[in-house]
Each structure stands twice: as C-alpha cells, then as structure tokens.
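Protein chains get the first letters and strands the later ones, always in sequence-line order, with residue 1 at the start of each.
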Number of protein chains: 2
Amino acid sequence: MPVRERKERERARRHQLIVATARGIAEERGWDAVTTRRLAERIEYSQPVLYSHFRGKREIVGAVALEGFAELTAAIRSAVAGGPRGRAAVAALAEAYVAFAERNPALYDAMFLLDAGLPFTDPATPAPLREAFGALLDTLADVAGDADPGLFVEVFWSALHGLVALTRSGRLTEEGTARRLDLLVDRFTGR
Amino acid sequence: MPVRERKERERARRHQLIVATARGIAEERGWDAVTTRRLAERIEYSQPVLYSHFRGKREIVGAVALEGFAELTAAIRSAVAGGPRGRAAVAALAEAYVAFAERNPALYDAMFLLDAGLPFTDPATPAPLREAFGALLDTLADVAGDADPGLFVEVFWSALHGLVALTRSGRLTEEGTARRLDLLVDRFTGR
DNA sequence: CTCGAATGTCTAGCGGTGCTAGAGTTCGAG
DNA sequence: CTCGAACTCTAGCACCGCTAGACATTCGAG
C-alpha cells in the first residue's frame, strides 16, 4: 500500500516547508513578522494546517532553533578543524560563535532569546543541543586548567552569549566587538 | 494661577501610578500580562489615558527599566560599600548583580531583555544607565590590570548578563550559579 | 462499481492584543 | 452665566494565536 507512504512523504515535505518558510520570514523581517496568518499564506495552505504539524507557534520556533543548533555545531567544528591549540583555539571558537550570531540573527534569537519550548537541562534535551555543547567542550576542555570543563564551558558560553545579546539589542556598540572578544579570550586563557 | 500647578501635580502622580502599576503586574504575572487594558483597569482610567502619558507600551517598559537602573546602581554601591579590594570586590559585585536579577526578574527583563526603546550607546543615554555603568566601573577599574577599564567592564557585565539570561530562560540550571560565578570571578581577577 | 467511513482541508469565528478617532463631559476664564 | 479649551471616554480598527465545525476528497469493503 504505497499510497500511505506517498502521503507521508508529502506530509514530511510540507512539514519542512513550514519550518523553512518560518525561518525565511524571520530572517527577512524578524520573528514578530512570523504570524500564523502570514506563514499560512506563504505556504499556500490555511492556518489550521500549521496546527496539524505543530502544537503551536512555539513549536515552530523550536524546529527552527534545532536547525540552528546543528548549524552552530558545524560552524564551531569547522572553525577548529585545523587543530589550533590553546589561545588560538579559544579565539577561533569565540569568533566563529559571534560570526554565526551576526550571520544568522533570527536563528540565534530562536535558539537563545525566544521561548522555543526546548528542554536544555533535563534528560529530554534534544541531540542537536547536546552536540553543540559537545563541540564547545571538545575545544575548551584542555584550556580549562584545573576547573571543571563542563562548568568552564557554561561560563565561557554565557560570556559569549552576553556579548552577542547585549550587542544585538543595542546595549553595546558593534564597533568594539573584536576588542571585547580579545579581552574575553585573554581572561579565559590566562592572558 | 495655582490650578494649573495642582493639575500638573495630579498628572505627575498619575504618571507614577502607571509606572508602578505596570511594574506590579509584571512582577506578579510577567510582562506578557501587562496589557494596556489590564493596566488601564488597574489604575481605574481608560486606555487612552495611558497614551496621554506615554507614546506606547514600549515607553512604559522604558520607564520601569529606568527605575531598575537606579536600583541596580544602589545595590552595587551598597555591595561594595565596605571597601573590599581585589577579588573580594569583584565577587561582591558579581553576587550583588545576580542577586538583583533573581530578586527582580521583571525589572531585569525590562532593563535587559525587552525592547524598552532606551538609547544605551549614544549621547542621549539616560543618566541612570550611565550611573549604573559608573558603579561597575568604579569597582572594577583597579582589577582591570593593563586592560582598558571601560572595555573590561563591558566584558564582565556581558558575562554576568549571559549567566543571568541563560539561567532565567532555563538554558542553565539554577543550581550551578554559585560555582559559575566563582569561576567567572577567578578568570577576571587572574585566578 | 457503489457507498459509508475516514481523512484532510477549509471557512468562519473566538477572545485577545496595541492603539486611536471622534464624541462627550467637565471646568476654569471672562 | 456662558463659552471654549482641556480632558476622558466609548467604540472600533487591524491584527494576533488558535480552534470548532462544515465541507470535500479519498479509501477500503462489499
């Protein structure tokens, strides 16, 4: 009975279309512009169709965020692929993280600013999130010194996120980003 | 013509009532619950009255945020009032900052998460914001070492904000906060 | 081939949002 | 006592996330 298979394929296709379209609108005009009406119109279906794929808008944001975590992981891994050590490795990671946020502001918002309903700290934490954390851990573990590597990653990640968040919301100037990153990396690699 | 003066007093009173009520609702039930209708009902005026005091909801959030900056400045100043030096001073400041955010989550959101329309980085930056930054600067200047103190403050503040933001949004566990703060202070005071 | 059931999609609408035009009222000045 | 300005209100706009229920389509059994 291949009919059902075809329908399932089509359904999966449409699922992906919704996620991609939501991301597209968010990148074009920000998440505020991602309304269920606009989204439905763009995919050329009515609003209720969205709710047959997702519980609600939050879950759509979550799906976009998951894509973001996979891409962030790739960006980090690629930034340290040449095998830099010590300060150079940390600097490469930090720059890759900030560049990712600058290049994908809407994606970054979905991952870290908006409520996407994703569990971050319990057993149900999705794999892409764990992998992103793992990518940070792999790079930072050997500069953590005698500190707990997991804790070290959390704090360094927090600092990066703080810089990105305050800059993106206009609370820090964009201009000083490079110097701030430099100082941050210094402090986390013992000058 | 004292009539006008009385009216102006009453108007200022109502202005403050709006700000205090908005803050109250936000503290009770979060900013999502601060709607113009609910706010109007609580102050026992109709919605349009709000718009004779503020351009819109964003400006009300901004007014609450300004209160927050004044209180944060006081909290920081009081935390370092005993004149601790070096690591102890930085630790006191960091703990005061995080404690402030924990104690006033809605206030913190207005200051650093929501779009309150406040200018942070240009000549029109309101005094309370400058003073809060100044309070950080006064404490941190003499542990900045050979780094530019302003830059040092920006980065340390970013790190604190990152910790607070990620914790408050469930991306970090609350449980590890103290250990993370410890590590952060270590890194910014040369171990 | 027919027909009832299941599946899928749509229209229409609920209760809510921020915000505002214009009507109505109040009140001080002359 | 009247008039005009200042003020506040009612009512409503366009939009939001979300959903009940009508309608169409497709499927499997007889």
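- Between the side chain of Gln47(B) and the base of dC9(D), no donor-acceptor pair of N or O atoms lies under 3.5 Å.
- Looking at every heavy atom in both residues, His161(B) comes nearest to Tyr108(B) through ND1-OH, 2.7 Å.
- Ion pairing between Glu27(B) and Arg23(B) holds under the 4.0 Å rule for side-chain N and carboxylate O.
- Note on Tyr51(B): every side-chain N or O is 4.0 Å or more away from OP1 and OP2 of dT20(C).
- The side chain of Val49(A) sits closest to dC10(C) out of dC10(C), dC19(C), dC9(D).
- For Asn104(A) (side chain) and Phe100(A) (main-chain N/O), a donor-acceptor pair under 3.5 Å exists by modelled atom type.
- Nucleotide dC19(C) holds its C1' atom 14 Å from the CZ atom of Arg58(B), rounded to whole Å.
- Residue Ala75(A) comes nearest to Ala96(A) through the heavy atom pair O-CB, 4.1 Å, listed as atom of the first residue, atom of the second, then distance.
- The CG atom of Leu50(A) sits 14 Å away from the C1' atom of dC16(D) (whole-angstrom rounding).
- As judged by a 4.0 angstrom heavy-atom cut-off over every strand, Thr35(A) is placed among residues touching the sugar-phosphate backbone only.
- For the OP1/OP2 pair of dC19(C) and a distance below 4.0 Å, the side-chain nitrogens and oxygens of Thr36(B) include no atom meeting the criterion.
- Within the 4.0 Å cut-off from OP1 or OP2 of dG17(D), not a single side-chain nitrogen or oxygen of Arg38(A) is found.
- Side chain Arg37(B) to base dG18(C): a donor-acceptor pair is found below 3.5 Å.
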